[in-house]
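To keep things clear, I will list the structure first and then write my remarks on it.
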Amino acid sequence: MKHIITMFLSSLFLFLTLFYYWQRDIEFQKQLEKIEMRVFIDSGSDKEAAMALIVNTEGVTGLKEIEEPDIIKNMRGRSRSEILDKVELPYVMGVYSSKREEGFLKELAARLKGIEGVIGVLYGEKAVAELWKEIREVKIILTTVGLILLFFFGLSLYLFVNSLAVMKYSKVFLIHGKRFGLLRIGVILRTMTVSIIVASLSVEISYLSHRYITGSSQSSFITNQWVYCFIIIMGLIGLFVASFKKFPVSD
Amino acid sequence: MIEFVDVSFPPVFKDFSFRIEKGEFFILVGKTGAGKTTTIRLASFEITPKRGEVIVMGMSSRRISIQKRLFVFKKSGLFLDKPVLFENYSLIRNLLFVTDGRDRAYDSLKIVGLLGKKDLTTSRLSRGERDLLQLAILYAKRPILAMLDEPTVNLKDKKWEIMEMLAGLHGRGTTILMTTKDEEVVNRFPNNRIFML
């Protein structure tokens, strides 16, 4: 029983880790979606040609022209100064990239800067670097915690298999010359069932706690796809441990 | 059927040899610590000799594997010092594991006097009854080779019934290797080959 409790706790904390990662990943994706490049094209150059080159650049998925901000328009309208009228501001383009990795954005910005007429590319380099640093840190910490919990889950499962009465029966099978196939199937079925039940219970308890804490059934819980994945992986760990566990026939 | 060739297993044996032919009733006699149990453990490949070779049904201890042990045990029956049984199963289920014949299982339990307890869980049996169950299983299995480690030691009041049972098994063609320290048994079965340790 103690092995099942350890297994359950490992599974529960593992699922909570996964849930936390899922939530953080959604936040990160939202922040990444906000990343947009600003490309500045010299007002004296051929805008259409520069735009065509930008669109054809590898990694660019969209381009939109950003109109002169209203504040500038108002300033031009109110001011009677000829100097302000004569000021030619660069064309500003919003560029969307296919990927939003830090390195990719850096490379794309360098490529765009090489286009004739482009005088500057900005995408909030410092903020992007900070965001990716945070993503990396979260991933490393959660992966480490996940692996440790997975190890404890596997270990408890191994000890659970060891404590199964059928494991001891391998000696009976041996002294009567019976092959271990049936015994192995029994061990696999028991172990996989326990793994799946423990994993499902972890999901159920996490879901109920989440509903209790948020107070709403409409609040977003980890998607079914992730839940099925989690349960299947736990079942597969059970299959793996039970398949490779040696019978104590040589004791 | 069984051959020990210059077997050394310190500190019990040194260059120990004997041979049991097919169909023999072989009694190995020795005092406590003489190596009776070690002989059975070696013959059942539970342990392997430090030097020399043990050959059982053509299988050598030098190239033994689980598969080969399964081959030997499929055709042989064991009576061990520490019985290996399905503890949570009933007596009859233990017997039905080695024989398909329900009648044979009942007969075997009847011979050893455990028929009345056929539905009892094995773990509830006394030490002597566990030995009787081992004998019933061995009898029901009808092995070509039976290896018994002091089968009468816990069943002194039933030793002659046990010996009759083993004689019956031998009469059906089973080769028997039995260890004992009981001189009465040795004296009562003088026709069997006896080996002193």
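Everything quoted here is computed from the prediction, not taken from an experiment. By convention in this document, chain letters (A, B, ...) are assigned in the order of the sequence lines, proteins followed by strands, and residues within each chain are numbered from 1.
Open room surrounds NZ on B:Lys74; 12 or fewer heavy atoms of other groups in view lie less than 6.0 Å from it. For CZ of A:Phe152, the number of neighbouring non-hydrogen atoms (other residues, nucleotides, ligands) closer than 6.0 Å is 12 at most. A:Arg136 CZ: more than 12 foreign heavy atoms inside a 6.0 Å radius. In A:Asn56, the CG atom is crowded: over 12 heavy atoms of neighbouring residues, nucleotides or ligands sit closer than 6.0 Å. Counting heavy-atom neighbours within 6.0 Å of B:Lys117 NZ, excluding the residue itself, gives a total of 12 or less. Around atom CZ of B:Phe18, more than 12 heavy atoms belonging to other residues, nucleotides or ligands sit under 6.0 Å away. For A:Phe151, the CZ atom is loosely surrounded, since the number of other residues' heavy atoms within 6.0 Å does not exceed 12.
Contact detail for B:Leu70 and A:Lys178: the closest heavy-atom pair is CD2-O, 3.3 Å. When all heavy atoms of B:Lys141 and A:His176 are compared, the pair lying nearest together is NZ-CA, 3.3 Å.
Heavy atoms closer than 4.5 Å to chain A are found in the side chain of B:Leu78, but not in its backbone. Looking at B:Phe97, the atoms closer than 4.5 Å to chain A (heavy atoms on both sides) sit in the backbone and in the side chain alike. Contacts between B:Asn88 and chain A at a heavy-atom distance below 4.5 Å involve backbone atoms as well as side-chain atoms. Heavy atoms closer than 4.5 Å to chain A are found nowhere in B:Ile47, neither backbone nor side chain. B:Ser76 touches chain A through its backbone: at least one of N, CA, C or O sits under 4.5 Å from a heavy atom, while the side chain does not.
Distance check, rounded to the nearest 0.5 Å: CD1 of A:Ile175 to CE of B:Met147 gives 10.0 Å.
Counting only heavy atoms from C-beta outward, the side chains of A:Phe180 and B:Ile66 approach each other to under 4.5 Å.
If you look at A:Tyr169 and B:Tyr89, their ring centroids are closer than 6.0 Å.
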